[in-house]
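Please read these numbers as outputs of a predicted model, since none were measured by experiment. Naming: A, B, ... by sequence-line order, numbering from 1 per chain.
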Number of protein chains: 2
Amino acid sequence: MDADPDLFKAIGDATRRTILDELTERDGQTLFELCSRLTMKHGLASSRQAVSQHLAVLEQAGLVHTRRQGRYKFHHLDTSPLRSIVERWPIDREAPNP
Amino acid sequence: MDADPDLFKAIGDATRRTILDELTERDGQTLFELCSRLTMKHGLASSRQAVSQHLAVLEQAGLVHTRRQGRYKFHHLDTSPLRSIVERWPIDREAPNP
DNA sequence: GTTATAGGCAAGTGGCCACTTGCCTGTCAA
DNA sequence: TTGACAGGCAAGTGGCCACTTGCCTATAAC
């Protein structure tokens, strides 16, 4: 029971959720790419180290996979761990919209 | 963007997730009922006040609705707020099991 | 080689949050 | 009406975590 506390810790932070949003919109970004976009679009004054630590947490939760290429490190989104949430507490399939 | 930080805060705590598990198994429990079951089954040495505060957080997130009846207060699970998670980051519909 | 770029590592710090403690209110049975 | 029971309110405390700071490694351009 409660096999993945890392997952909930990962999505528990607002900045990390914004990072997931960013990767949803544009997958495979580098660290610096994410940094500039977070400050530009979302107004988050997140330093490079802060974003790097956030990405480490997201990677540990399995929500982000990394791919090294030269001196670049590309970050790819993986939403499959989120499935465990709706499997744990089944959502009543009611259409909220008509 | 990020309209419901209360939701992620609610499911961010392990004890609150266990409370959701308890309510999934048996809906409409009172505070004392939850307290004894959490200590019995899950080994959580959660005091009454702690569980009460957890329930308040869950209620604020819309995951738990309460129903007063005399001196009893019954807690009912509502998993519909969880839908916003999978709507925000769509899960690739791949069958992980054959 | 030298410099700039992309990223990593580790210690320190401040704020939030879970939990406790103590006391209070309301409901029901005797 | 008195006691037990179910729950609420508020202040205090300790620990975790996000963020910073400073320095380091590695790849690529010049």
Side-chain angles (χ1 to χ4, degrees), chain A residues 2 4-23 26-40 42-61 63-76, chain B residues 2 4-23 26-40 42-61 63-76:
Chain A
D2 208 37
D4 34 26
D6 293 340
L7 171 64
F8 296 100
K9 178 190 171 184
I11 63 175
D13 183 78
T15 303
R16 282 194 285 267
R17 293 195 292 273
T18 310
I19 291 177
L20 294 181
D21 292 337
E22 234 343 284
L23 289 179
R26 174 180 292 213
D27 196 47
Q29 296 189 49
T30 66
L31 175 58
F32 276 69
E33 210 172 340
L34 278 167
C35 279
S36 58
R37 290 188 146 237
L38 288 176
T39 43
M40 295 296 176
H42 306 274
L44 297 180
S46 308
S47 70
R48 179 181 62 85
Q49 291 80 355
V51 177
S52 177
Q53 289 171 1
H54 282 312
L55 286 171
V57 175
L58 290 171
E59 190 174 4
Q60 190 175 347
L63 289 168
V64 164
H65 295 185
T66 59
R67 173 173 56 93
R68 271 243 147 186
Q69 184 173 348
R71 59 173 166 176
Y72 297 104
K73 189 177 184 182
F74 301 101
H75 301 267
H76 294 272
Chain B
D2 208 37
D4 35 25
D6 293 340
L7 172 63
F8 296 99
K9 178 189 171 185
I11 63 175
D13 183 78
T15 303
R16 283 194 284 268
R17 292 195 293 271
T18 309
I19 291 178
L20 294 181
D21 293 337
E22 238 338 288
L23 289 179
R26 174 180 291 212
D27 196 47
Q29 296 189 48
T30 66
L31 174 59
F32 275 69
E33 209 172 340
L34 277 167
C35 279
S36 58
R37 289 187 146 238
L38 288 176
T39 43
M40 294 296 176
H42 306 275
L44 297 180
S46 307
S47 70
R48 179 181 61 87
Q49 290 80 355
V51 177
S52 177
Q53 290 173 1
H54 282 311
L55 286 171
V57 175
L58 290 171
E59 190 175 5
Q60 189 175 347
L63 290 167
V64 163
H65 295 185
T66 58
R67 173 173 56 93
R68 270 242 145 185
Q69 184 173 348
R71 60 174 165 175
Y72 298 103
K73 190 177 184 183
F74 301 102
H75 301 268
H76 295 272

Name of the residue among B/L58, B/L55, B/V64 meeting side chain to side chain contact (heavy atoms under 4.5 Å, CB included) with B/R16: B/L58
Gap between atoms CD and C1', on A/Q29 and C/dA6 respectively (whole Å): 15 Å
5' precedence on DNA chain D between A/Q69 and B/Q49 (nearest-nucleotide basis): B/Q49
Length of the line joining A/E33:CD and C/dA6:P, which is rounded to integer Å: 10 Å
Atom pair distance, as rounded to whole Å: CZ in A/R71 and P in C/dA4: 13 Å
Sub-4.5 Å side-chain heavy-atom contact between B/K73 and B/L31: no
Gap between atoms CG and P, on B/L31 and C/dT27 respectively (whole Å): 17 Å
Relative orientation of the end axes in the helix from C/dG1-D/dC30 to C/dA30-D/dT1, expressed as an angle to the nearest 10° (five pairs per end): 20°
With B/T66, the side-chain hydrogen bond (donor to acceptor under 3.5 Å, both in side chains) member among B/H75, B/H76, B/E59: B/E59
Given C/dA18, D/dG7, C/dT20, the nucleotide with the shortest approach to the side chain of B/H54: C/dA18
Presence of donor-acceptor pair under 3.5 Å, side chain of B/Q53 and base of C/dT20: yes
Minimum heavy-atom distance between B/R48 and B/C35, given as atom pair plus value: CA-SG, 3.6 Å
Neighbours of DNA chain C within residues 7-17 of chain B, by heavy-atom distance under 4.0 Å: B/D13, B/T15, B/R16
Residue-phosphate contact under 4.0 Å: B/K73 side-chain N/O, D/dG8 OP1/OP2: yes
Whole angstrom value for the distance that separates P of D/dA6 from NE2 of B/H75: 13 Å
Separation of D/dA26 P from A/F32 CZ (nearest whole Å): 17 Å
B/L23 side chain reached by B/L34 side chain, heavy atoms, under 4.5 Å: yes
Atom of B/D6, atom of B/Q60 and distance for their closest heavy-atom approach: OD2-NE2, 3.5 Å
Whole angstrom value for the distance that separates P of C/dA18 from CG of B/L55: 13 Å
A/F8 to B/I11 - nearest heavy-atom pair and separation: CD2-O, 3.5 Å
A/S52 vs C/dG8: side-chain N/O to OP1/OP2 distance below 4.0 Å: yes
Euclidean distance, A/H54 NE2 relative to A/I19 CD1, rounded to 0.5 Å: 5.5 Å
Nearest atoms (heavy-atom pairs only) where B/R67 meets B/Q69: NH1-OE1, 3.2 Å
Under-3.5 Å donor-acceptor pair between B/R48 side chain and D/dG8 base: yes
side-chain N/O A/S47 vs D/dC19 OP1/OP2, d < 4.0 Å: no
